[in-house]
There are 2 protein chains.
Amino acid sequence: MRKGILEMCVLAVIAEGETYPPEIMKKLEWTDLIVKEGTIYPLLVRLKNDGLVDYIWREGEKGPPRKYFTASELGRKFLAELTESWHQLVHSVNKTLENAAAPAAEPQGKRKGKKDPPKPLNLEPNPPDA
Amino acid sequence: MRKGILEMCVLAVIAEGETYPPEIMKKLEWTDLIVKEGTIYPLLVRLKNDGLVDYIWREGEKGPPRKYFTASELGRKFLAELTESWHQLVHSVNKTLENAAAPAAEPQGKRKGKKDPPKPLNLEPNPPDA
DNA sequence: TTAAATACCTTGCAATACAAAGAACTAACG
DNA sequence: CGTTAGTTCTTTGTATTGCAAGGTATTTAA
């Protein structure tokens, strides 16, 4: 249901410009998103395998060489889809929370009319299998 | 990171007023949230075990008896915490997405100053271990 | 009796996030 | 050189989550 959120954030950071993992983690922290190594490295492998990102080795100022990631065309396209789904999810969840905040009134517009809803969320986490 | 979202939604629906599982699922669908039986029943067991909800058996108009759920005091308190975390998450993710949308400008306010951020998200999914 | 509808429950699997531990490379120091 | 520290990348094992699939049980209707 809420899958792909972290994927989306990492992809978004990479789409900003070439980065390597520790920098990605720092940038996410800047927006109060804590991600651990054990999470991000496997995730990057997945993104690479799915063709959403590419990387090249570069020497850093200090320490061992770094894997610098960039977003592929497909990656940007997928990021757009994830973002769309994210906004839908936020909307849906907020609607649910609003109803709960006002438990007195029987929710309206519900009544299970025959007109189907805008589009139920059923987030497929995986890329368009390119 | 994004844990507890569905938990929060289900708790929110129950907090609206006494309901039973199939009705919970319908209400979530009304806000375009699709939840399956195999998801919701185990989740309700967890909520019950954690003391966040209670239930009583009631006869329905048709079919077998139903488990009608209500939110406990603790459940409401926990729902408030989850909601708070949810809003923080939305804020953080949206900030990340905004940066990615404008990749040209070097993000500001970052620079890893010594002043620590507002409060990093590290969502503990489980109830306050009551 | 049988079938259909409703409600609840369980098992097994895939994906996610993480802790923990480790491997490898570089620079600095004695 | 050998050791230590700092940085980067990787792997293993585990807990949690969401789901499909397949039950079980109750009531009503044919």
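Every chain is numbered from 1, with letters handed out A, B, ... down the list of sequences. It should be emphasised that the depicted structure is a prediction, and the values quoted were computed from it without experimental measurement.
Whole-Å rounding puts the Asn49(B) CG to dC9(C) C1' distance at 14 Å. Put simply, CG on Leu44(A) is 11 Å from C1' on dC9(D), counting in whole angstrom units. Rounded to whole angstrom, the span from the CG atom of Leu43(A) across to the P atom of dA14(C) amounts to 19 Å. Spacing between atom CG of Leu33(A) and atom P of dC18(C) amounts to 10 Å, rounded to whole angstrom units. Separating the CD1 atom of Ile5(B) from the P atom of dA15(C) is a distance of 20 Å, rounded to the nearest angstrom. Regarding Tyr68(A), its OH atom lies at a distance of 14 Å from the C1' atom of dC9(D), rounded to whole Å. Distance NZ (Lys67(B)) to P (dA7(C)): 14 Å, rounded to an integer number of Å. Between the CH2 atom of Trp57(B) and the C1' atom of dT26(D) there is a distance of 10 Å, given to the nearest Å.
At the phosphate of dT26(D), neither OP1 nor OP2 sits under 4.0 Å from any side-chain N or O atom of Arg66(B). In terms of phosphate contacts, Tyr41(A) brings no side-chain nitrogen or oxygen within less than 4.0 Å of OP1 or OP2 of dT10(D). Contact annotation: Tyr20(B) does not reach the phosphate of dC8(C) (side-chain N/O to OP1 or OP2, under 4.0 Å). Side-chain N/O atoms of Arg46(A) include none lying less than 4.0 angstrom from OP1 or OP2 on dA15(C).
The side chain of Pro42(B) lies closest to dT10(C), out of dC9(D), dT10(C), dG18(D).
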Residues Leu33(B), Lys95(A); criterion side-chain contact (heavy atoms from CB on, under 4.5 Å); working and verdict: CA-CA 10 Å; Leu33(B) 261 13; Lys95(A) 260 202 295 183; over 6 Å; no
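The minimum heavy-atom distance between Glu37(B) and Pro42(B), with the atom names listed, is O-CD, 3.9 Å. When all heavy atoms of Thr70(B) and Ile14(B) are compared, the pair lying nearest together is C-CG2, 3.5 Å. The minimum heavy-atom distance linking Glu29(A) with Ile34(A) is given by the pair CG-CD1, 3.7 Å.
Contact check on Arg66(A) versus Glu23(A) returns no salt bridge, with no Lys/Arg side-chain nitrogen under 4.0 Å from an Asp/Glu carboxylate oxygen.
At a threshold of 4.0 angstrom between heavy atoms, the contacts of Arg58(A) with the nucleic acid are absent.
A donor and an acceptor atom never sit less than 3.5 Å apart when one is taken from the side chain of Glu37(A) and the other from the base of dC18(C).
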Summarise protein proximity over nucleotides 23-30 of chain C in one line of letters, 5' to 3': B for base, S for sugar-phosphate only, - for none, counting protein heavy atoms closer than 4.0 Å. --BS----
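Between the CG atom in Leu52(A) and the NZ atom in Lys77(A) there is a gap of 11.5 Å [rounded to 0.5 Å].
At least one donor-acceptor pair under 3.5 Å links the side chain of Ser72(A) to the backbone N or O of Gly51(A).
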